[in-house]
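To start, the structure under review is shown below, and the notes come after it.
Numbers restart at 1 for each chain; the letters A, B, ... are given by sequence-line order, proteins then strands.
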Amino acid sequence: MLHIYNSLTGQKEEFKPIDGNRVRIYVCGMTVYDYCHLGHARVMVGFDAIVRYLRYRGYEVTYVRNITDIDDKIINRANELGVSTESLTDRYIRYMNEDLDALFVVKPDHEPRATEFIPNIVEMISELIERGYAYPAANGDVYYRTRQFKQYGKLSGTRLDELVVGARIAPDEMKNDPLDFVLWKGSKPGEPSWNSPWGQGRPGWHIECSAMSTSLLGSHFDIHGGGRDLLFPHHENEIAQSEAATDQTFVNVWMHNGYLEVNSEKMSKSLHNFLTIREILAQDLDPVRMGEILRFTFLMCHYRSPLNYSDSSLKNATVALRRIYLAIRKFEQSGISPSNQLNDDYLSRFQTVMDDDFNTPDALAVIFDCVRDLNRAIDIESGATAGSLYQTLSILNGALGIGCMNASRFLGVELSVDSAGIRELVLQREEARRNRQWETADELRRQLTALGVELEDRPDGTSTWRKL
RNA sequence: GGCCGGGUGGCAGAGGGGUUAUGCAGCGGCCUGCAAAGCCGUCUACGCCGGUUCGAAUCCGACCCCGGCCUCCA
């Protein structure tokens, strides 16, 4: 039985899809005016693993992850660079896709952009005005009447009276109440804008997610996710907008990722302490290998816990992941055939921990137990057992989206700057060992070590190797 | 100030009333020409103080520290 922690109720709940076997999930993606940073990566990888697991579990998932391609920051950035907002967002969407590919993140079923849903947005705002939940102001803005929505604050646990203290009205805004928030922004000359009943303008940030999610998934769907920092006010406002406009429960389960931290501080744009995905990927000769290491780093920590990022997080992930790949390679070089007879014990342990709010660290513990068993089975030449464990391991890895690289590539065998030269030295050493010239063999090993190559001698006298 | 999280062994990081998390590192052994990898065994633990209980790292209360939200942020 799958249980998911619901931010709305503050507890783990049994998950029951609204419509039989179908699961409809919406995740807030990114605003594309800069490179993806590790905080984005954590959300994308986290929900990628969740969606993969839901599918593994047999659910028919419709996964929507939006792109915000119009807002103040995009406009400002485009102006700074002297380019159009479209060319700016196109560029960063391209970079985002490259980054996410490197992290083995599968494409969502729909990836709507705010600018493609202006009619839906306008329609929803009109509905809100009609129902008395919104009002146009003289400056061309349209605002949401927050106090009108009696359940406001139910997600974040805030009370309106407490919020008033911090609320403020910017000089150019014409709100009736400081708590009201903008649905539609009247545009200034020269800004990108769309036609609306309230004049030229653009959508506010919160409304686009309400419009896109309900348009693509219906007024009432199963799961809505995003980073913890979106819980308030973004998701709170989404609820207010959607439920006021449709009179229906918006979302059953709200899921939020813990923060990615650096030096125990939240990584964010405003603190200027963020690392981009591509900076990290560039740290290794093979960016794809680095992508999987980064992905693994995220999965070693539960999605709701804060993850304190450091260089040693990557090192930890590297050696842990290497253990998995060494076992895979060991099996592949053993000549044993994979077996279709899966190991029920591991499958069931894996499902138990993943069913408990997607506990990926526990799931990895199961995988490592399976790895140990596999190594053991290969060592004692128990072919049937090894074949079964190998196949089981592959299935479990696939459910998390790890271990899907070619083992030799991960271990760096095909990648070295001088593979041919290394191969030559390895062969020379094999020759020396055959002749029992241990001094020569050890000297060659020293040379290889200096090249960053670690040798593993096999019983038959040949050697395999990997990058240190 | 209000509202949320959290403090676990050398490190990372799950768990959560009595029984090995897991990975890395350490120690002992097997294997090896020597290594590496692998396997077997093994040491370090639950912020502080009280309480409940036969028994608490796990529940309750106070306290100390850390982080977050209350303004844009994944």
Side-chain angles (χ1 to χ4, degrees), chain A residues 7 10 27-31 34 36-47 65 68 71-73 153 156-159 161-168 170 205 225-234 236 256-261 263-271 274 296-297 299-302 304-308 310 312-324 326-327 329-330 353 356 359-369 371-380 433 436-439 441-442 445 449 453-459 463-466 468:
Chain A
S7 303
V27 172
C28 289
M30 69 177 294
T31 303
D34 205 346
C36 293
H37 66 237
L38 293 187
H40 296 118
R42 189 179 188 194
V43 172
M44 309 289 196
V45 169
F47 280 101
R65 191 186 62 214
T68 297
D71 90 326
D72 288 354
K73 278 176 290 212
S156 54
T158 47
R159 283 178 301 170
D161 297 334
E162 286 165 354
L163 285 175
V164 181
V165 183
R168 59 178 173 75
W205 176 40
R228 234 201 130 60
D229 44 357
L230 298 185
L231 194 139
F232 186 89
H234 184 56
E236 195 71 72
H256 294 95
N257 287 89
Y259 289 122
L260 190 88
E261 303 175 344
N263 299 323
S264 299
E265 264 189 334
K266 177 186 169 189
M267 178 181 291
S268 75
K269 295 270 170 110
S270 41
L271 292 172
F274 62 91
F296 199 87
T297 304
L299 297 179
M300 288 203 302
C301 180
H302 185 82
R304 279 192 289 119
S305 299
L307 167 48
N308 199 2
S310 69
S312 64
S313 338
L314 286 182
K315 279 203 194 80
N316 268 299
T318 307
V319 288
L321 197 46
R322 182 164 68 206
R323 181 169 159 78
I324 295 174
L326 280 169
R329 182 172 70 169
K330 183 172 174 159
V353 297
D356 183 14
N359 194 329
T360 54
D362 265 353
L364 291 176
V366 174
I367 283 177
F368 281 112
D369 282 347
V371 164
R372 170 175 298 108
D373 250 2
L374 172 60
N375 279 324
R376 193 162 26 202
I378 300 169
D379 282 345
I380 64 170
R433 293 182 69 229
R436 307 182 68 79
Q437 295 166 337
W438 309 127
E439 289 297 320
D442 288 347
R445 175 160 58 200
T449 304
V453 169
E454 178 89 62
L455 288 158
E456 288 176 35
D457 295 342
R458 287 187 285 226
S463 299
T464 188
W465 56 277
R466 63 186 164 84
L468 272 172

- [ ] Give the B/S/- string for nucleotides 18-31 of chain B, one per nucleotide from 5' to 3', where a protein heavy atom under 4.0 Å of the base yields B, of only the sugar-phosphate yields S, and otherwise -.
- [x] ---BSBS-------

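On the P atoms, A25(B) is 43 Å away from C63(B), given to the nearest whole Å. C60(B) sits 12 Å from G6(B) when the P atoms are compared, rounded to a whole Å. Comparing the P positions of U53(B) and G15(B) gives an interatomic distance of 29 Å, to the nearest angstrom. Using C1' as the reference atom, G61(B) and G68(B) are 25 Å apart when rounded to the nearest Å. Nucleotides A62(B) and G51(B) place their C1' atoms 11 Å apart, quoted to the nearest Å. C59(B) sits 35 Å from G26(B) when the C1' atoms are compared, rounded to a whole Å. Rounded to whole Å, the C1' atom of U32(B) lies 47 Å from the corresponding atom of G47(B). Comparing G18(B) with U58(B), their P atoms sit 11 Å apart, to the nearest whole Å.
When each of H302(A) and N375(A) is assigned the nucleotide of RNA chain B with its nearest heavy atom, H302(A) is the one assigned upstream, toward the 5' end. In terms of position on RNA chain B, the residue among R322(A) and H37(A) whose nearest nucleotide sits closer to the 5' end is R322(A).
Residue contacts for P459(A): at a heavy-atom cut-off of 4.0 Å it reaches no nucleic acid atom on any strand shown. Using a 4.0 Å heavy-atom criterion, one finds that L38(A) contacts no nucleic acid atom at all.
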Open item on the list: What verdict does the salt bridge (charged side-chain N to carboxylate O under 4.0 Å, His left out) test give for E456(A) and R329(A), after you've listed the backbone C-alpha separation in whole Å, the side-chain angles of each residue and the deciding distance to 0.1 Å?
Closed with: CA-CA 12 Å; E456(A) 288 176 35; R329(A) 182 172 70 169; 3.6 Å; yes

TODO: Take S463(A) and D457(A) through the side-chain hydrogen bond (donor to acceptor under 3.5 Å, both in side chains) test and state the conclusion after the steps.
DONE: CA-CA 4 Å; S463(A) 299; D457(A) 295 342; 2.8 Å; yes

Short N/O separations, protein against nucleotides 64-67 of chain B, under 3.5 angstrom:
residue : atom : partner : partner atom : Å
G67(B)  : O2'  : E261(A) : OE2          : 3.4

So which protein N/O to nucleotides 32-34 of chain B N/O distances come out below 3.5 Å?
residue : atom : partner : partner atom : Å
G33(B)  : O6   : R429(A) : NH2          : 3.4
G33(B)  : O6   : R433(A) : NE           : 3.2
G33(B)  : N1   : D442(A) : OD1          : 3.1
G33(B)  : N2   : D442(A) : OD1          : 3.3
G33(B)  : N2   : D442(A) : OD2          : 2.7
C34(B)  : O2   : R445(A) : NH2          : 2.2
C34(B)  : N3   : R445(A) : NH1          : 3.3
C34(B)  : N3   : R445(A) : NH2          : 3.4
C34(B)  : N4   : D457(A) : OD2          : 2.7

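Nearest to the side-chain atoms of K330(A) among the listed nucleotides A36(B), G38(B), C39(B) stands G38(B). Nearest nucleotide to the side chain of M267(A), out of A74(B), A36(B), A37(B): A74(B). Considering only the side chain of C301(A), A14(B) comes nearest among A14(B), C40(B), C39(B). Minimum atom distance to the side chain of F232(A) is reached by C70(B), of the listed A74(B), C70(B), G15(B).
Counting heavy atoms from C-beta on, the side chains of H302(A) and N359(A) come closer than 4.5 Å.
Pairs of Watson-Crick or G-U wobble type, with distances under 3.5 Å, assemble into runs of 3 or more in RNA chain B at these ranges: B:1-7 with B:64-70, B:10-12 with B:22-24, B:26-30 with B:38-42, B:49-51 with B:59-61.
R228(A) has its CZ atom 12 Å from the P atom of C70(B), to the nearest Å. Counting to the nearest Å, the P atom of C72(B) and the NE2 atom of H234(A) are 11 Å from each other. Between the CG atom of D373(A) and the C1' atom of C39(B) there is a distance of 11 Å, given to the nearest Å.
Remark: the backbone N or O of T31(A) is not paired with any side-chain donor or acceptor of T68(A) at under 3.5 angstrom. In this structure, R322(A) contributes its side chain and A317(A) its backbone to no donor-acceptor pair below 3.5 Å.
Contacts of H37(A) classified as ring-ring contact (aromatic ring centres under 6.0 Å, His included), with partners at least two apart in sequence or in another chain: H40(A), F274(A). Scanning for side-chain hydrogen bond (donor to acceptor under 3.5 Å, both in side chains) contacts around S312(A) gives S310(A), with sequence neighbours left out.
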